[in-house]
Amino acid sequence: MTDKPMLQVVDLTIAFPTAAVVDQVSFEIPQGGTMGLVGESGSGKSMTSLAVMGLLPREARTTGRISFMDEELLGRSDRQMRRLRGDRMAMIFQDPLSSLNPYYTVGFQIAEAYRAHRGGSRRAGLRRAVEAMDRVKIVDADKRVNHYPHQFSGGMRQRVMIAMALVCEPELIIADEPTTALDVTVQAQILELLAEVQQSTGAGMLFITHDLAVVSQVSDRITVMRHGRTVEQGTAEQIFSRPSNDYTRQLLAATPRLDDQVDLPEPILTPVGSEDS
Amino acid sequence: MISYILKRLLGAVVTMLAVIFFTFIIFFYLTPDPAASICGDACTPDTIVQIRRQLGLEEPFFVQFWAFLSGIFVGRTYGEGTAAEIYCSAPCLGYSFQYRTDVFDGIVDRLPVTITIAVGAAVLWILSGVAAGVISAVKQGTWWDRGAMMFALAGVSLPNYFVALVLQYLLVVQLQWLPFPAVVGFTDDPTRWFQTYIMPWTVLALMYASMYARLTRTNMIDTLGENFMRTAHAKGLRPAPIMLRHGLRPSLTPVVTLLGMDFATLLGGALITETVFGLNGVGRWAYNAIGTNDQPVIMGVTLLAAFAVIIANIVVDLTYTALDPRVRESTK
């Protein structure tokens, strides 16, 4: 690991003609590190991630700096950003069903991401797709590659999305609420998978969520956002044990925890055998 | 898949029988006496009765219906045992005493003209309509979009007999760029063939392309808002595959439905267009037959149109299964 951050966002401001949605947000991700971006909906966390990808709507005006591996991204042309997207930085979205095109097989869609940047035949692309699906632990990847998104379960679809993001071995993965649409057990599996993937590829990750419980599992550092501004920033440890901001404290208090003490009601029936006879 | 097709075909047969039945009722009860119109000027009540006998019109409804229905499969003989016996071979859709021809043969003779008009126009309107729709959707809100939609509005609003007459007057009469339309075979004189059909194609295509442009635009705008479009951008695809592969294909499903219906309707005769340009297709035949109350012809063309729509319905549904993998699943 070098000292230089892989992604550095400095004073990022995003404004639409009607309103500013992100105001002077700064954070950085070290090589192979994970930054958790936490906030309620409308806090500007997704807009921040789209700005990094260069996917903001045309009418959005951005100022500040976004530098990725020492290259400035803001002000780049569409074509230059297109070369980066899907290749050196990839994104995983919230709802895998609607984020996959129902008309094409998952293999085609994964291969498409690969071939857009590396070229090669359809067949070679499909081979890559199978490999990527293997890596995200989709069983029978060589068969599943020809299936359509609707033939997968929610968790499997998100694995497909992750495979698609991984296929070009990006340096930065942006995960925008990747587990929100999934049920809790599947959520845990996907988080585990993301952590594994990150470890094996050494990619940096920007992890966006509204859920502090989730972010605590994946992030070294956390930025809490509200109304487009940074509320608090620090290591996961700091944020969880010594939150300095009121809003962060409220967020923490709103997160249910497994070790919470709950007053269980007394059982109505006494267990068999313990009755006095 | 095969059982699905068989099921659909069986359904089509039932529908077709129902259509024949109801069409027959309409013609049996609601139209003027065909014998009178065949009879002509020097007509006595006796001759009318005679003609009615020959046509089998004196028989009760179900006997006549049965004669018509069985005629389709095994043929029938008009005026059996009389001197003027006429045999109409299967598939017999009736016999036109005015044209002195088997209705089915009459349709078969005229169908190539109608099909040529329909196919050529369809190719033209799909290409131009879908292209205009895609451009409008991608350039939504720009002058491209407004221009295309203005043009589409005009295309839908202008009655096609009007466009046909204006075109004919301009191109044939005034500028003399094109000769008067006359039906020739493609192999006989390809240039003349093209010159004849280009006007009816354009007239029909203008109207339909306008509808297709608007439909494509609406669907495409919906699709462009889908999450998978954002994924396509995030993958770093080029604009063309993003728009065509991810944007256009899902937007085409409703276009296919409409195309099936419109094309089928045209096979039943492009009545106005054929008549204005004097092309001897099925539509013009029906138009003339309406004027002279030649019921077997009207009924025959009506059934042809119904048949085309029913078949088109099945073709459209089968095309869906090719277009949409989710539909494919449900037809297995």
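So that the names make sense, note that chain A is the first sequence line, chain B the second, and so on, each numbered from 1. What you see is a predicted model, and the numbers here were worked out from it, not measured in a lab.
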Colleague: So do the side chains of B:R245 and A:F108 get within less than 4.5 Å of each other, counting heavy atoms only?
Modeller: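 A side-chain contact exists here, since the closest heavy-atom pair is under 4.5 Å.
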Colleague: Are A:Q109 and B:H246 close enough, and set up right, to give a side chain to side chain donor-acceptor pair (under 3.5 Å), and what steps lead you there?
Modeller: CA-CA 10 Å; A:Q109 295 184 63; B:H246 290 276; 5.2 Å; no
Colleague: Identify the heavy atoms of A:M91 and B:A234 that sit nearest to each other, and give their distance.
Modeller: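 Shortest heavy-atom separation between A:M91 and B:A234 comes out as CB-CB, 4.4 Å.
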Colleague: Name the member of A:M161, A:M53, A:E112, A:R83 that forms the most heavy-atom pairs with chain B at distances under 4.5 Å.
Modeller: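 Result: the option with the highest number of such pairs is A:E112.
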Colleague: Specify which of A:S98, A:G86, A:C168 makes the most heavy-atom pairs with chain B at under 4.5 Å.
Modeller: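 Of A:S98, A:G86, A:C168, A:S98 has the most heavy-atom pairs under 4.5 Å with chain B.
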Colleague: Nearest heavy-atom pair of B:G236 and A:R82: which atoms, and what distance?
Modeller: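 It is O-CG, 3.3 Å.
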Colleague: Has B:F162 got more than 12 heavy atoms of other residues, nucleotides or ligands less than 6.0 Å from its CZ?
Modeller: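 No, CZ of B:F162 has 12 or fewer neighbouring heavy atoms, counting only those of other groups under 6.0 Å.
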Colleague: At their closest point, which heavy atom of A:R85 faces which heavy atom of B:H233, and how far apart are they?
Modeller: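 Reported closest heavy-atom pair: NE-O, 2.9 Å.
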Colleague: Measure distances from A:Y103 to the heavy atoms of chain B and classify the residue's part below 4.5 Å as side chain, backbone, both or neither.
Modeller: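 Interface part for A:Y103: both.
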Colleague: Who among A:M164, A:H150, A:R79 has the most heavy-atom pairs with chain B under 4.5 Å?
Modeller: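 Greatest number of close heavy-atom pairs with chain B: A:H150.
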Colleague: Around atom CZ of B:F151, are there more than 12 heavy atoms from other residues, nucleotides or ligands closer than 6.0 Å?
Modeller: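 Not buried by this count: 12 neighbours or fewer within 6.0 Å.
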Colleague: CZ of B:R146: more than 12 outside heavy atoms within 6.0 angstrom?
Modeller: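 Above 12, so yes.
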Colleague: Kindly compute the distance separating CZ (A:F93) from CZ (B:F228), expressed to the nearest 0.5 Å.
Modeller: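 Between A:F93 CZ and B:F228 CZ, I get 13.0 Å after rounding to 0.5 Å.
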Colleague: Check A:P102 against B:P325 and note the closest heavy-atom contact, atom names and distance.
Modeller: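 For A:P102 versus B:P325, the nearest heavy atoms are O-CG, 3.1 Å.
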Colleague: Which answer fits A:L100, side chain, backbone, both or neither, if we ask what part of it has an atom under 4.5 Å from a heavy atom of chain B?
Modeller: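 For A:L100, the contact with chain B is made by the backbone alone.
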Colleague: May I ask you to check if B:R326 and A:Y148 form a cation-pi contact, with NZ or CZ under 6.0 angstrom from the six-membered ring centre and within 45° of the axis?
Modeller: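 Because its charged atom misses either the 6.0 Å distance or the 45° angle limit, B:R326 does not stack over A:Y148.
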Colleague: Say you draw a straight line from CD1 of A:I92 to OG1 of B:T231; how long is it, rounded to the nearest 0.5 Å?
Modeller: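 Spacing of CD1 (A:I92) from OG1 (B:T231) equals 11.0 Å.
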Colleague: Name the region of A:M81, side chain, backbone, both or neither, that has any atom closer than 4.5 Å to a heavy atom of chain B.
Modeller: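 For A:M81, no heavy atom lies under 4.5 Å from chain B.
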